[in-house]
Each structure stands twice: as C-alpha cells, then as structure tokens.
Amino acid sequence: MQKSNQKNLSDKIYDHVIEAIRQGKLKPKDRIKEQDLIQETGSSRTPIREALGILLNEGILVQDGKKGLMVAGLDLISITKLYEMREFLEGEAARLATLFASEVEVEILSNIVKAHKTIDNIVEARANNLLFHETIYRCSNNHYLFKTMQNLDRSLILLGESTLAKPGRILESYQEHYNIVEAIKQGDENKAQKMARFHIHQAYKIRLERILKYNP
C-alpha cells in the first residue's frame with residue numbers, strides 16, 4: 001500500500017511539472033529545484049525524485065553540469081522535425097478515422113467541433129483542441145498510432161504557449177477541424193488526410209513566425 005501511495009504521489013508531481021511547463025510557468029532552461037517542488041506540492045523528496053527521474057528519462061528535463069536539472073529546450077531544427085512528425089501522424093489518423101470510425105464516434109467529433117465554434121478564450125480552446133485530436137486518434141482504430149502521438153505530445157509541451165493564442169487562430173482552428181470532420185463524414189480519406197496535414201502545417205507556420213519574431 002505504501003508503494004502504491006508513493007507511486008500516486010510521484011504521478012501527481014509529474015503532472016504538476018508537466019502542467020507548469022504547458023502553462024508557461026516553467027520555460028526552457030528554467031532550473032528545477034527539489035525544494036521548490038516540496039513547497040509547491042507538500043510532498044517529500046522520494047516521490048519528487050522519482051517524478052524528476054521519469055521526466056529526465058523522457059527528455060522533458062535535462063541535466064546541466066552547472067545548473068543541475070532544468071527544463072529542456074528545443075532548437076529550430078528539433079521543432080521542425082516535431083511538426084513534420086505530427087503532420088504525418090495527424091494525416092494518417094484522420095485517414096484511418098475515415099475508414100474505421102463508427103457513426104457514434106463521428107457524431108462525437110461533430111459535437112466537439114460544434115462546441116469549439118462558441119469558444120472565445122484560450123483555456124477552453126486548448127481543452128477542446130486536445131479533446132478533438134485525442135478523439136481523432138482513438139477513431140483511427142490504431143493503438144500504436146495513438147501511443148506514438150502521446151509520446152510526441154510530451155515533447156510538444158516544450159514549445160511553450162499554444163499557437164491558439166494568436167489573434168483569430170481559435171476561429172481558424174475551428175474551421176480546420178470542421179473541414180476534417182466533414183471529410184470523414186463524406187468517407188473521403190484522402191481529403192481528410194489532406195485537411196489534417198494542412199491544419200498542423202498552419203500551426204507550424206504560426207510557431208515559426210513567433211520564433212523568428214522573438215529570435216531574429
């Protein structure tokens with residue numbers, strides 16, 4: 001029982017760090033201190049060290065000789081490779097969803113998109129976006145594809161602020177999601193793949209513009 005409780009504590013600390021990175025509270029090259037996590041979570045050093053070990057193994061954190069543990073950073077080449085991989089995976093997931101999604105699953109996707117249409121804030125938009133993409137992957141009927149995307153998502157959080165924060169992007173994203181689902185409904189696997197890849201490519205362009213703006 002004690003080991004189980006300790007595992008639950010390390011999971012919570014893992015989630016705490018991941019969410020801090022996702023929200024931009026922790027940024028690339030920020031130092032991670034055990035004492036800070038003790039104060040923030042009220043946990044002991046053992047589960048904290050377990051969680052940090054997992055994050056280190058996953059590449060979310062890196063060990064620096066001078067600073068100790070810190071949040072990993074991504075260079076432009078790494079970011080480009082991440083988006084290339086995601087564009088391929090999203091396209092394939094949408095294509096497979098066209099072939100294998102049930103009527104109920106397609107209806108769920110439609111409802112997610114309908115909810116997106118009325119969203120006007122970044123918090124709800126991020127949650128809806130995550131749900132949409134997770135659902136597409138589940139509809140692909142390919143467990144390995146879903147697991148691969150989950151692993152990729154752990155690296156994507158290092159990108160910082162969501163591209164949905166760009167003015168007008170929430171509405172653009174809604175239209176792109178809508179186009180993907182319409183292609184799935186029509187049974188057009190090639191169009192669904194094309195629309196999904198276009199959607200990710202647009203996000204990459206926004207990310208690239210932001211990087212070049214702040215790092216000319």
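All of these numbers come straight from a predicted model, not from anything done at the bench.
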**Report entry** Which residues share a side chain to side chain contact (heavy atoms under 4.5 Å, CB included) with T148, sequence neighbours left out
**Finding:** L89
Query raised in the report: N190: what forms a side chain to side chain contact (heavy atoms under 4.5 Å, CB included) with it, not counting sequence neighbours?
Result: D188
Excluding sequence neighbours, so at least two apart, what forms salt bridge (charged side-chain N to carboxylate O under 4.0 Å, His left out) with [X]?
X	result
K185	E182
K33	none
E124	none
K166	E209

Can you tell me how far the [atom1] atom of [X] sits from the [atom2] atom of [Y], to the nearest 0.5 Å?
X	Y	atom1	atom2	answer
L26	I32	CG	CD1	4.5 Å
I60	I18	CD1	CD1	5.0 Å
I48	Q35	CD1	CD	8.5 Å
L9	S43	CG	OG	5.0 Å

Are [X] and [Y] close enough that some pair of their side-chain heavy atoms sits under 4.5 Å apart?
X	Y	result
R197	K194	no
K117	H177	no
E172	Q202	no
T41	K12	no
I170	S173	no
T135	C139	yes
L208	L76	yes
E87	F198	no

Query raised in the report: Residues two or more places apart in sequence or in another chain: which of them pass ring pair (Phe, Tyr, Trp, His ring centres under 6.0 Å) with Y14?
Result: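 Partners of Y14 by the ring pair (Phe, Tyr, Trp, His ring centres under 6.0 Å) criterion come out as none, since no residue qualifies.
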Query raised in the report: Does Y83 have any ring pair (Phe, Tyr, Trp, His ring centres under 6.0 Å) partners at least two apart in sequence or in another chain, and if so, which?
Result: Y204
Query raised in the report: Shared ILVMFWY cluster between L212 and L74, side chains joined below 4.5 angstrom?
Result: yes
Report task. Answer with yes or no whether the hydrophobic clustering places I211 together with L164; edges join I, L, V, M, F, W, Y residues whose side-chain heavy atoms lie under 4.5 Å apart. Result -> no
**Report entry** Residue pairs passing the salt bridge (charged side-chain N to carboxylate O under 4.0 Å, His left out) test where at least one lies in residues 14-27, sequence neighbours excluded
**Finding:**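 Checked against salt bridge (charged side-chain N to carboxylate O under 4.0 Å, His left out) - neighbours excluded - the pairs reaching residues 14-27 are E19-R22.
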Report summary line: salt bridge (charged side-chain N to carboxylate O under 4.0 Å, His left out) pairs touching residues 126-140, sequence neighbours excluded, are none
Query raised in the report: More than 12 non-hydrogen atoms from neighbouring residues, nucleotides or ligands closer than 6.0 Å to CD on E84, yes or no?
Result: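 Atom CD in E84 is packed in, count exceeds 12.
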Query - Q63 atom CD: more than 12 heavy-atom contacts under 6.0 Å - result: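 Check passes, neighbour count above 12.
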Query raised in the report: Step by step, would you call E176 with R169 a salt bridge (charged side-chain N to carboxylate O under 4.0 Å, His left out)?
Result: CA-CA 10 Å; E176 290 162 17; R169 181 56 187 162; 2.8 Å; yes
Query raised in the report: E189 and T98: which non-hydrogen atoms are nearest, and at how many Å?
Result: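 That would be N-CG2, 3.6 Å.
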Query raised in the report: With clusters built from Ile, Leu, Val, Met, Phe, Trp and Tyr whose side-chain heavy atoms come within less than 4.5 Å, directly or transitively, what are the remaining members of the cluster of I180, listed by chain and number?
Result: V104, V106, I108, L109, I112, V113, L131, F132, I136, L171, Y174, Y178, V181, I184, M195
Report task. State which residues pass side-chain hydrogen bond (donor to acceptor under 3.5 Å, both in side chains) with E40; sequence neighbours excluded, sorted by chain then number. Result ->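 Per chain and number, E40 pairs via side-chain hydrogen bond (donor to acceptor under 3.5 Å, both in side chains) with H16.
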Query raised in the report: Can you tell which of H201, H133, Q193 makes a side-chain hydrogen bond (donor to acceptor under 3.5 Å, both in side chains) with E90?
Result: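 Going through H201, H133, Q193 one by one, the side-chain hydrogen bond (donor to acceptor under 3.5 Å, both in side chains) with E90 is satisfied by H133 alone.
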